[in-house]
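We're numbering straight along the sequence, starting at 1. Reckoned from all heavy atoms, side chains included, excluding hydrogens, waters and symmetry mates.
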Amino acid sequence: AHDSVRRPLFTRVPTPRRVMYCDALVARHGAIAPATSRSARANATRRVPAIAPSNLHRRAALSGGFSTPQTSRLVAARNTGGARGSFRTQALTPPKTLAELDLCDVEMPEAHAKVFAMDISTPTVLTSDLASVMDPPMCNLAPKKTHIICTLGPSSRTVDDLEKLLLSGMSVARFNFSHGTHEYHLEILQNLRTASDNTGKICAVLLDTKGPEIRTGALVDGNAIALKRGSTIELTTDYGVLGTSERVAISYQHLARDVKTGDQILMSDGNVMMEVLSTDVVNGTVQCECLNDAKLGERKNCNLPGVKVDLPTMTEKDIEDIVGFGVKHDVDFVAASFVRKGSDVDYIREVLGDAGKTIHIIAKVENMEGLDNFDDIVSRSDGVMVARGDLGMEIHLEQIFLAQKRMIKRCNEAGKPVVTATQMLESMTGAPRPTRAEATDVANAVLDGTDGVMLSGETAAGAYPVEAVKVMAGICREAEAYIDNNAVFQKLMSKQTIPMPLLESLSSSAVRTAHKVGAQLIVCLAKSGNTARLVAKYRPYAQILAVCIEDPFDQSWDAHAASRRLLLCRGVRAIVAPASWRASTEEIVKDGEAAAMSKHNDLTVNESKNLLQNALNAAKEMGMVQTGDIAVGVHRILGDSILKIVEIQ
């Protein structure tokens with residue numbers, strides 16, 4: 001990928017003059033496939049259907065201008081040397097056989113050409129030998145690295161339910177404030193903390209805000225109305241109007257001003273589709289044609305694809321939920337709905353106040369404006385959630401995969417945690433097994449590079465919440481087993497600027513060292529957790545143990561909260577080191593814990609040595625390493641960056 005010319009995630013460029021060089025499936029760094037593999041593929045005889053000439057230049061705009069083919073054709077994009085963003089169209093000859101449909105054999109650009117290439121692949125160790133799929137799953141070889149976020153609700157609110165979810169693989173508990181009262185959520189939160197204490201499993205808490213939204217109004221008699229395809233219906237911004245099949249109220253006051261003739265309006269999760277015929281800004285009405293037969297209930301969600309809406313960053317309810325519940329009860333993450341620009345994140349930090357230092361903000365990107373400002377959002381937030389529900393209403397369905405892959409890629413490059421969400425195992429709300437498509441969806445998200453995958457209704461109100469977590473954990477482990485971690489590391493390193501920040505240089509060197517010596521574990525002595533997060537950024541094969549250190553002389557420091565905030569970083573397992581770990585085992589046995597600790601008020605080289613040894617002992621007890629394994633220790637002591645290689649005794 002040629003990222004020397006940085007562009008927004010989805011760039012607005014003149015559509016008729018743009019084409020794309022797609023190397024999305026090239027296995028490694030855009031390398032040309034060797035002659036042997038090309039000749040092997042030449043034996044394929046299955047024909048590829050010819051593509052109609054009228055389809056050669058069809059485009060579907062993504063975020064108002066990111067153009068991609070709607071056919072399966074490969075199209076090359078090359079800057080012609082004119083104004084920035086000026087591209088010429090080059091249609092390639094349709095392939096005749098599968099042997100010709102080889103993404104590795106696409107014409108490569110000149111060495112110094114300015115090319116906007118879209119490398120959204122993750123290097124894997126998959127081979128062409130399909131017989132390997134008959135082997136037993138590899139998922140039992142190592143613990144999963146991808147974290148699982150579970151939404152809590154009626155099916156997962158008791159201590160017993162929560163203990164089972166924790167033991168099955170839940171890392172983060174999501175509290176959805178679109179539903180339920182503060183009292184309801186507090187009861188579940190208290191049960192969660194009890195379950196965490198009972199199982200010894202650390203679990204982070206994520207508060208998901210309802211966010212600003214557009215909804216339809218109340219209906220006559222409260223009954224759903226029947227809409228017929230081809231019928232005309234009036235939408236009014238007078239929210240007091242009771243709706244009928246001829247007229248429905250909409251909560252967005254600027255509807256008539258912001259939409260235009262030809263725009264689509266989606267309601268009830270896309271089950272109702274309308275096209276704008278005309279607008280009346282003075283009276284606040286919009287005439288629409290219904291595009292399908294459907295029933296519309298009261299107060300259903302409404303999406304305006306392609307429209308830049310004028311909604312507040314946070315509603316009064318969101319502020320009350322964050323301040324009155326999140327800050328008060330020490331949540332670890334706030335998932336901010338409908339983040340559209342970086343300044344939205346800054347505003348949320350202002351609302352959090354001093355708590356913003358300990359509560360991380362996860363930006364949910366759910367519309368096209370958020371896609372346009374994605375780089376700014378990533379730089380200002382602590383993480384990103386790929387919220388495919390509303391996002392799927394805002395962009396073309398066939399382009400959701402592209403948005404997901406590119407958002408994950410940008411977050412990986414920035415070292416920010418990214419969560420993939422919405423309908424990942426939706427069928428398990430009522431069935432004990434997911435569909436094959438859902439299982440593939442989870443695995444592909446892992447291969448894309450996501451740090452976490454989220455379950456919504458599956459665990460909140462489904463019939464098989466524990467089974468859903470177990471299935472998802474198994475899929476994650478299996479997919480992780482096929483990632484080429486060293487190749488991922490090399491790709492990420494190629495994106496970094498030189499000179500690197502000192503802490504990032506130390507962290508990347510720890511990963512490189514772990515690769516070279518075949519280490520099974522990387523231990524990070526952490527206070528803020530930044531070192532562990534940067535180590536996780538470079539995706540080592542080794543497990544990462546983040547040791548959050550208690551400081552008895554800093555009452556404002558909460559090591560337990562620091563450990564929970566690391567539970568969205570892929571591959572990180574966090575533990576809290578008691579203050580007694582600063583002293584050696586021999587000192588404690590000889591002098592007693594109190595006397596030994598009196599000698600270790602400050603974290604010096606000697607204390608760090610004791611902490612590392614105690615951490616390795618704990619890792620051995622947890623089954624992360626065994627005698628003879630190699631571990632890499634990385635930390636900063638008194639301003640010095642230290643990297644150690646240790647053999648487990």
Side-chain angles (χ1 to χ4, degrees), residues 144 146-210 317-318 320-335 337 352 355 358-360 362 385 419 421 424-425 428-430 432 452-473 548 558-568 572-576 622:
K144 69 175 178 60
T146 307
H147 295 288
I148 298 176
I149 298 92
C150 298
T151 305
L152 304 187
S155 296
S156 51
R157 57 180 303 187
T158 68
V159 173
D160 183 59
D161 292 336
L162 295 167
E163 287 178 356
K164 292 177 181 177
L165 292 180
L166 287 168
L167 294 172
S168 298
M170 176 176 70
S171 298
V172 181
R174 172 180 177 250
F175 290 73
N176 185 3
F177 275 75
S178 295
H179 311 284
T181 63
H182 285 196
E183 293 75 19
Y184 177 82
H185 289 301
L186 180 58
E187 178 188 351
I188 299 179
L189 179 59
Q190 291 171 341
N191 289 342
L192 173 66
R193 287 175 173 163
T194 300
S196 182
D197 291 338
N198 293 346
T199 59
K201 298 287 186 180
I202 297 176
C203 184
V205 175
L206 182 145
L207 187 158
D208 198 335
T209 64
K210 184 177 182 180
K317 172 178 166 50
D318 295 333
E320 174 59 27
D321 290 339
I322 291 175
V323 177
F325 187 93
V327 175
K328 182 178 179 181
H329 299 293
D330 299 320
V331 304
D332 304 295
F333 302 99
V334 168
S337 299
L352 286 170
T358 57
I359 298 178
H360 284 189
I362 307 300
M385 182 180 292
V419 176
M424 302 215 77
L425 297 178
M428 288 196 73
T429 55
V453 285
M454 193 174 88
L455 295 168
S456 299
E458 300 95 329
T459 53
Y464 302 94
V466 176
E467 290 81 356
V469 177
K470 290 180 178 179
V471 167
M472 180 167 274
C548 298
D558 187 349
H560 292 272
S563 68
R564 293 193 299 269
R565 290 193 297 271
L566 289 170
L567 293 182
L568 277 185
V572 174
R573 186 169 180 178
I575 61 173
V576 176
M622 291 186 293

Inset, instruction - Just do the side-chain contact (heavy atoms from CB on, under 4.5 Å) check on L566 and C548 with the steps written out, would you? - result: CA-CA 10 Å; L566 289 170; C548 298; 4.1 Å; yes
Inset, instruction - Just do the side-chain contact (heavy atoms from CB on, under 4.5 Å) check on H329 and V205 with the steps written out, would you? - result: CA-CA 10 Å; H329 299 293; V205 175; over 6 Å; no
Inset, instruction - Given side-chain contact (heavy atoms from CB on, under 4.5 Å), test M424 with S456 step by step and report yes or no. - result: CA-CA 8 Å; M424 302 215 77; S456 299; over 6 Å; no
Inset, instruction - Give the intermediate values and the outcome of side-chain contact (heavy atoms from CB on, under 4.5 Å) for residues L206 and M454. - result: CA-CA 11 Å; L206 182 145; M454 193 174 88; 5.8 Å; no
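Each of D332, L207, V327 was checked for a side chain to side chain contact (heavy atoms under 4.5 Å, CB included) with I359, and the lone residue meeting it is V327. Exactly one of L192, T151, V331 qualifies for a side chain to side chain contact (heavy atoms under 4.5 Å, CB included) with F175. That residue is L192.
Shown here is K470, whose NZ atom has no more than 12 heavy atoms of other residues, nucleotides or ligands within 6.0 Å.
For the pair A204 and L567, the tightest heavy-atom approach, listed with the atom from each and the gap, is N-CD1, 3.7 Å. Between R564 and C203, the shortest heavy-atom distance links the atoms CD-O, 3.2 Å. Scanning all heavy atoms of the two residues, the minimum distance from L152 to M170 falls at CD2-SD, 4.3 Å. Considering all non-hydrogen atoms of both residues, S168 and A473 come closest at O-CB, 4.0 Å. Summarising the geometry of I188 relative to L162, their closest heavy-atom pair is O-CD1, 4.0 Å, with the distance given to 0.1 Å. Closest approach of E458 to A468, counting heavy atoms only: CB-CB, 4.2 Å.
Side-chain atoms of K144 and S171, non-hydrogen and from C-beta on, do get closer than 4.5 Å to each other. Counting only heavy atoms from C-beta outward, the side chains of R174 and V419 never approach each other to under 4.5 Å. Put simply, the side chain of V453 does not reach to within 4.5 Å of the side chain of I149, judged on heavy atoms. In this structure the side chain of L568 reaches within 4.5 angstrom of the side chain of I362, judged on heavy atoms. Two residues are said to be in side-chain contact when any heavy atoms from C-beta on lie closer than 4.5 Å; D161 and P465 fail this criterion. Here the side chains of S156 and K164 are not in contact, with every heavy-atom distance at 4.5 Å or above. The closest side-chain heavy-atom distance from M472 to M428 is not below 4.5 Å. Put simply, the side chain of Y184 does not reach to within 4.5 Å of the side chain of H179, judged on heavy atoms.
We find the OG1-CZ distance between T209 and F325 to be 14.0 Å, quoted to the nearest 0.5 Å. Rounding to the nearest 0.5 Å places CD1 of I202 at 9.0 Å from CZ of R573. From T358, atom OG1 reaches atom CG of D558 across 8.5 Å, with rounding to the nearest 0.5 Å.
The pair D321-K317 meets the salt-bridge criterion, since a charged nitrogen lies less than 4.0 angstrom from a carboxylate oxygen.
A donor atom on one side chain and an acceptor atom on the other are not found under 3.5 Å apart for D160 and T158.
Note: H182 and F177 have perpendicular aromatic rings, judged against thresholds of 30 and 60 degrees for the angle between ring planes.
A donor-acceptor pair under 3.5 Å links the side-chain atoms of S196 to the main chain of K201, judged by distance alone.
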